[in-house]
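Inspection log for the structure reproduced underneath, given as structure tokens.
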Amino acid sequence: MLAAAWRVLQRAVTSPLLGTGRSQIRSPFPTMASLSPAAASSPKRLRVYSSAPAGGEDGAGSGRRVGTHNGSFHCDEALGCFLIRLTSQFAGADVVRTRDPQILDTLDAVLDVGGVYDPSRHRYDHHQKGFNEVFGHGFNTKLSSAGLVYKHFGKEIIAKELGVNEDHEDVHRLYLAIYKSFVEALDAIDNGINQYDTDQPPKYVNNTHLSSRVGRLNPDWTDPDQSPEKENAAFQQAMMLSGSEFMESVRFHVKSWLPARSIVLECLLSRGKVDPRGEIMVLDRFCPWKLHLFELEEELKIDPLTKYVLYQDERSKSWRVQAVAVAPDRFESRKALPEKWRGMRDDELSAETGIPGCVFVHMSGFIGGNKTYEGALEMARAALKC
């Protein structure tokens, strides 16, 4: 399902929003600039419009309707609307943008407006007094509308992408990983939660994150056209941007993150065959391993912790000895390679270590190399003794 939508997103088409002869990445939804409450639609199309009437021509015959507020938009409701339309229950639903409570009451789902969180009625607002819902599973960040939709529908979306049942163990792993790496930051930014507990001003400004880029899609105050049609067209672009990046995250986790985790887990469990102390791990094939190693060590209560990871350099076919950092976001190593080796290369290094085939050791001691696996293993074993 997500893969098909992603293929549609990849096609470049001429957009009436940009003018003849200019193109944009195509959304899985039709353009909205000319859409009105009376516009014809099908259940597979998206219409975004403001203050739609509660009945009449746009009533029961137009399929399900998902509501969010009109006016300036943020990343959380744009992504929330995108996500809920990936579900079986709300596939192809129209999006109504309004703050009119009488209209909101008629809708099948309401996101980021209305002052109610009630999943039994598909009401997903987070602005009301007393709201403190979090994702759980060890996460404590207050949820936005995107996080609420993901909490209730994320497993369904991931299971469809994997082609398995929602109770499959890989679905749960990806559900947590994608929240951690993608959705939680959107929740935190929308709720005004700082990334760090500090009173110090930031050393630089970052306006390149997804929430900031979505915010810039709002019509500029200098634009003479402040019409609902212009605003709705911008909201479609916001849905397209946030949704495409969400799907890219899912695709990465399915195709790269999950296989890498399996490799690191297998290698971590077999580390005792490499060295009796269990402080050296060998990757039988290279993959992104650092975050997986930290998470798996904590999950499996590994003791002692891994000090060195060995893997083959695919370009040179030589072997690397990398010291594991003390934490994923730190440069310091748990046990750096010996200081007397640092900055040496080739024959000089081999003479110093007494190990043939040495290639280098970095000045900081976080990584070294040897021409053979056996030589790299001897370097790691010798470094443990220093």
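Just so you know, residue 1 is the first one in the sequence shown, and it goes up from there.
With Tyr311 as the aromatic partner, Arg320 does not meet the cation-pi criteria of under 6.0 angstrom to the ring centre and within 45 degrees of the ring axis.
No hydrogens or angles considered: nothing links the side chains of Asp187 and His126 as a donor-acceptor pair under 3.5 Å. For the residue pair Ser88/Lys160, the side-chain donor-acceptor check at 3.5 Å is satisfied. Between the side chains of Arg213 and Ser211, no donor-acceptor pair is found at a separation under 3.5 Å. In this structure, a donor-acceptor pair under 3.5 Å is present between the side chains of Glu184 and Thr141. Side-chain contact, Thr98 with Asp100: no donor N or O sits under 3.5 Å from an acceptor N or O.
Atom OG1 in Thr68 sits 10.5 Å away from atom NE2 in His74 (nearest 0.5 Å). How far CH2 of Trp257 is from OG of Ser181: 8.5 Å, rounded to the nearest 0.5 Å. The distance from atom CD of Gln237 to atom CG of Asn218, rounded to the nearest 0.5 Å, is 10.5 Å. The distance from atom CE of Met239 to atom OG of Ser244, rounded to the nearest 0.5 Å, is 11.5 Å. One finds the CZ atom of Phe235 at 5.5 Å from the CZ atom of Arg97 (value rounded to the nearest 0.5 Å). Rounding to the nearest 0.5 angstrom, the gap separating the CE atom in Met240 from the CG atom in Leu217 is 8.0 Å.
A salt bridge is defined here as a Lys NZ or Arg NE, NH1 or NH2 lying under 4.0 Å from an Asp or Glu carboxylate O, and Asp118 with Arg123 fails to meet this definition. A salt bridge is defined here as a Lys NZ or Arg NE, NH1 or NH2 lying under 4.0 Å from an Asp or Glu carboxylate O, and Glu279 with Arg271 fails to meet this definition. Using a cutoff of 4.0 Å between basic side-chain nitrogens and carboxylate oxygens, Lys301 and Glu298 are not scored as salt-bridged. Remark: Arg315 does not engage Asp313 in a salt bridge, criterion side-chain N to carboxylate O under 4.0 Å. In summary, Lys180 and Glu295 engage in a salt bridge, as defined by a charged side-chain N under 4.0 Å from a carboxylate O.
More than 12 heavy atoms of other residues, nucleotides or ligands shown are found within 6.0 angstrom of NZ on Lys142.
A donor-acceptor pair is defined here as one N or O able to donate and one able to accept, closer than 3.5 Å; no such pair exists between the side chain of Asp94 and the backbone of Arg65. Proximity of a side-chain donor or acceptor of Ser212 to a complementary backbone N or O of His209 within less than 3.5 Å is not detected.
Two rings, from Phe139 and Tyr179, have their centers less than 6.0 Å apart. Taking the six-membered ring for Trp and the full ring otherwise, Phe135 and His137 have centroids separated by under 6.0 Å.
Applying the side-chain hydrogen bond (donor to acceptor under 3.5 Å, both in side chains) test to residues at least two apart or on different chains, the pairs with a partner in residues 334-349 are Glu297-Arg334.
With sequence neighbours excluded, the residues forming a side-chain hydrogen bond (donor to acceptor under 3.5 Å, both in side chains) with His122 are Gln89, Tyr124, listed by chain and number. Qualifying salt bridge (charged side-chain N to carboxylate O under 4.0 Å, His left out) partners for Lys155, counting only residues two or more places apart in sequence or in other chains: none.
Both Ile367 and Phe286 sit in one connected hydrophobic cluster of ILVMFWY residues. Membership requires side-chain heavy atoms under 4.5 Å apart, directly or through other members.
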>> Run the side-chain contact (heavy atoms from CB on, under 4.5 Å) test on Val66 and Val96 for me, step by step, so that the C-alpha distance in whole Å, both residues' side-chain angles and the decisive distance to 0.1 Å come before the verdict.
In response: CA-CA 6 Å; Val66 173; Val96 181; over 6 Å; no
